[in-house]
Amino acid sequence: MRPLWRCRNCGTEWPCQPAKLALLTEYRASRTALLIYLGTLMHEATNQLTQLHPDHPPSRMTERFLSWARARS
């Protein structure tokens, strides 16, 4: 749900666990493409959430959008 960036199904911050699993499945052939996609969405979400709450800019955006998707060694 934009511009709140919450899941339509469960209401938690997007990407929620089911969304993460779906994205990992969809992008299983290219982790790089997934990270580019998520980075684009993170930028959009940061802008929208900052406009909604200018006194409380969003935090943890890199963790929320990118850190979980990085390849594990």
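If you're wondering where the values come from, they're calculated on a predicted model, not measured in any experiment. Excluded from the calculations below are hydrogen atoms, water molecules and symmetry mates; all remaining heavy atoms, backbone and side chain alike, are included.
- H43 pairs in a side chain to side chain contact (heavy atoms under 4.5 Å, CB included) with only one of the listed residues (N47, L41, T40), which is N47.
- Within the 3.5 Å criterion, the main-chain N or O of W14 finds a donor-acceptor partner in the side chain of R64.
- Remark: L66 CG to L34 CG distance equals 9.0 Å, nearest 0.5 Å.
- Linking Ile, Leu, Val, Met, Phe, Trp and Tyr residues whenever their side-chain heavy atoms come within less than 4.5 Å leaves F65 and I36 in two separate clusters.
- The backbone N or O of S67 lies less than 3.5 Å from no partner atom in the side chain of R70, so there is not a single donor-acceptor pair.
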message: Walk me through whether L38 and Y27 qualify under side-chain contact (heavy atoms from CB on, under 4.5 Å).
response: CA-CA 11 Å; L38 290 171; Y27 287 90; over 6 Å; no

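- The OG1 atom of T12 sits 7.5 Å away from the CZ atom of R6 when rounded to the nearest 0.5 Å.
- Minimum heavy-atom separation, Q51 to P54: O-CD, 3.6 Å.
- Of the inter-residue distances, the one linking L49 atom CG with H56 atom NE2 reads 13.0 Å to the nearest 0.5 angstrom.
- A distance of 8.5 Å separates CE of M1 from CZ of R8, quoted to the nearest 0.5 Å.
- Here L35 contributes atom CG and M42 contributes atom CE; the two are 10.5 Å apart, rounded to the nearest 0.5 Å.
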Stepwise side-chain contact (heavy atoms from CB on, under 4.5 Å) test for L23 and W68: CA-CA 11 Å; L23 287 164; W68 65 269; 4.2 Å; yes

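- Neither side chain, W5 nor E13, offers a donor N or O lying under 3.5 Å from an acceptor on the other.
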